[in-house]
Structure formats: C-alpha cells, structure tokens
Amino acid sequence: MSAVWKANEDLYRKLLTERYGPLDHLEAERYPMVEETTESGMGASEEQWRRQVRGIAVRYGWRLQYHTADSRRSDPGWPDEVFGHLDQHRTLFVEFKTDAGRIRPAQREWLAHLADSGFEVAIWRPRDLHTVLRVLGPARQRATLPPNFRRPTP
C-alpha cells in the first residue's frame, strides 16, 4: 500500500469516524473505502482522478452523472463532470485538474458564471480528496470555488 494511499485511507476513516463514531463492520460495509488502483491519489492523470471521484460519488448516492466523452467537438470551457443527487436536490459542476493543471480562460468563464448563478461549482485536484469527501459524503459541505480563483477579466 503506497504512503499516499495510506494517508488518504486514514483521512477517509477519520472523517467517517468523526461523523458516525467508531467504525464497525456494518459501517465499513455501508461506506466502503475507495479501492486502491493505479488510478488513486497523487500523480494521477486528470482522467484517472475524474474516474476515482466518480466512484466516490456513486458510493454516496450521486446517481446522476454527466461527462462529455469527447470534448474536442464541443464548445470550450464546459466543466468536466456534472453530478446530481436526487435526494439532496443538489447539482454540482466540477472541473478536474492534476495538481499542476491550469484552468483555461473559457473554463474560468464558465465556472465563474455557474457559481455566480448559484450553482455548486468546484475545481478538484488529487490533493483535494478531503474536500471531495466532505462535499460528496454525509457532511454535505457545499462545493465552492477555491479562494484564490481568479475571475475572468471582461
């Protein structure tokens, strides 16, 4: 087990324990760990990271998910994934980036517009796993753009 995966697993267990108390066998079945794969954690490509988060979303009941499979023929800037949670009446727009990835101007414009229109909008990188778990999981934290997000200039 890699050190990064171990740290993520420990954080995940800590968050669950804070929310639900000590984890016993039944809770471990109800809130399973994300399985370790080559797609987990730091150093993952944007696509690997997106797939990992999509798996987490499914485990927490985010049944509605949309991803444009081939964005080369689409208008630029639309977020990578849209999640919908029917029971919570929430819609979440997410742009996935590697830890070093940059937001393009068209992406910045769409993200700012969606956030200003009242939607939950996030930019998630592998280092943001703790935030992902708080937003998608039982804590139901509202997704927001990072504090250092630069709004597009007109």
Side-chain angles (χ1 to χ4, degrees), residues 4-5 7-9 11-16 18-20 27-152:
V4 170
W5 174 251
N8 286 342
E9 179 182 14
L11 176 61
Y12 187 63
R13 288 187 186 282
K14 181 180 181 225
L15 290 171
L16 290 176
E18 286 174 6
R19 177 74 180 189
Y20 297 103
E27 287 176 326
E29 283 180 9
R30 184 171 177 201
Y31 300 102
M33 290 297 303
V34 176
E35 296 172 13
E36 181 176 14
T37 68
T38 58
E39 298 181 3
S40 298
M42 307 294 188
S45 72
E46 185 177 307
E47 178 63 14
Q48 290 168 328
W49 172 230
R50 185 190 69 78
R51 287 182 183 177
Q52 181 183 2
V53 172
R54 193 173 178 125
I56 293 169
V58 167
R59 287 186 172 96
Y60 285 115
W62 294 81
R63 292 193 349 230
L64 300 177
Q65 299 181 1
Y66 173 79
H67 170 70
T68 302
D70 186 356
S71 61
R72 292 175 294 183
R73 292 189 204 165
S74 299
D75 293 330
W78 187 252
D80 291 321
E81 193 91 24
V82 180
F83 295 105
H85 198 294
L86 297 172
D87 296 335
Q88 296 177 22
H89 306 288
R90 291 171 67 191
T91 302
L92 172 62
F93 296 85
V94 180
E95 181 62 37
F96 292 99
K97 292 294 178 189
T98 62
D99 282 330
R102 294 181 175 217
I103 303 293
R104 294 187 312 266
Q107 291 172 323
R108 190 173 300 285
E109 191 169 27
W110 265 113
L111 296 170
H113 170 72
L114 290 165
D116 292 345
S117 297
F119 289 101
E120 291 186 66
V121 182
I123 301 168
W124 283 340
R125 302 170 187 276
R127 67 177 176 242
D128 299 324
L129 179 60
H130 64 285
T131 301
V132 170
L133 293 171
R134 288 187 184 274
V135 171
L136 297 177
R140 296 183 181 184
Q141 176 179 314
R142 183 170 173 82
T144 58
L145 290 170
N148 62 348
F149 180 78
R150 288 185 332 236
R151 301 231 173 248

Tell me if the CZ atom of Arg142 is crowded by more than 12 foreign heavy atoms within 6.0 Å.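 Yes - once you tally the heavy atoms of other residues, nucleotides and ligands closer than 6.0 Å, there are more than 12.
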Quick one: does any side-chain atom of [X] pair with a main-chain N or O of [Y] as donor and acceptor, under 3.5 Å?
{"X": "Lys97", "Y": "Arg102", "answer": "yes"}
{"X": "Thr98", "Y": "Gly101", "answer": "yes"}
{"X": "Arg63", "Y": "Leu86", "answer": "no"}
{"X": "His85", "Y": "Leu92", "answer": "no"}

Roughly how far, to the nearest 0.5 Å, is [atom2] of [Y] from [atom1] of [X]?
{"X": "Arg134", "Y": "Leu129", "atom1": "CZ", "atom2": "CG", "value": "11.0 Å"}
{"X": "Thr131", "Y": "Trp124", "atom1": "OG1", "atom2": "CH2", "value": "8.5 Å"}
{"X": "Gln107", "Y": "Asp80", "atom1": "CD", "atom2": "CG", "value": "6.5 Å"}
{"X": "His67", "Y": "Trp78", "atom1": "NE2", "atom2": "CH2", "value": "13.5 Å"}
{"X": "Glu95", "Y": "Leu145", "atom1": "CD", "atom2": "CG", "value": "10.5 Å"}
{"X": "Asp128", "Y": "Trp49", "atom1": "CG", "atom2": "CH2", "value": "6.5 Å"}

Exercise: identify the closest heavy-atom pair between [X] and [Y]:
{"X": "Ala112", "Y": "Pro152", "result": "CB-CD, 3.7 Å"}
{"X": "Leu114", "Y": "Pro79", "result": "CD1-CG, 3.8 Å"}
{"X": "Val58", "Y": "Gln65", "result": "CG2-NE2, 3.3 Å"}
{"X": "Phe83", "Y": "Ala57", "result": "CE2-CB, 3.6 Å"}
{"X": "Phe96", "Y": "Glu81", "result": "CE1-CB, 3.7 Å"}
{"X": "Ala115", "Y": "Val121", "result": "N-CG2, 3.5 Å"}

Side chains of [X] and [Y]: closer than 4.5 Å at any heavy-atom pair?
{"X": "Ile103", "Y": "Arg150", "value": "no"}
{"X": "Asp116", "Y": "Arg151", "value": "yes"}
{"X": "Trp62", "Y": "Arg90", "value": "yes"}
{"X": "Leu136", "Y": "Val53", "value": "yes"}

Using a strict 4.0 Å threshold on nitrogen-to-oxygen distance, state whether Arg50 and Glu46 make a salt bridge. no
Considering residues at least two apart in sequence or located in another chain, which fulfil the side chain to side chain donor-acceptor pair (under 3.5 Å) criterion with Arg108? none
Applying side-chain contact (heavy atoms from CB on, under 4.5 Å), name anything that partners Pro146, two or more places apart in sequence or on another chain.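 So Pro146 forms a side-chain contact (heavy atoms from CB on, under 4.5 Å) with Ile123, Asn148, Phe149.
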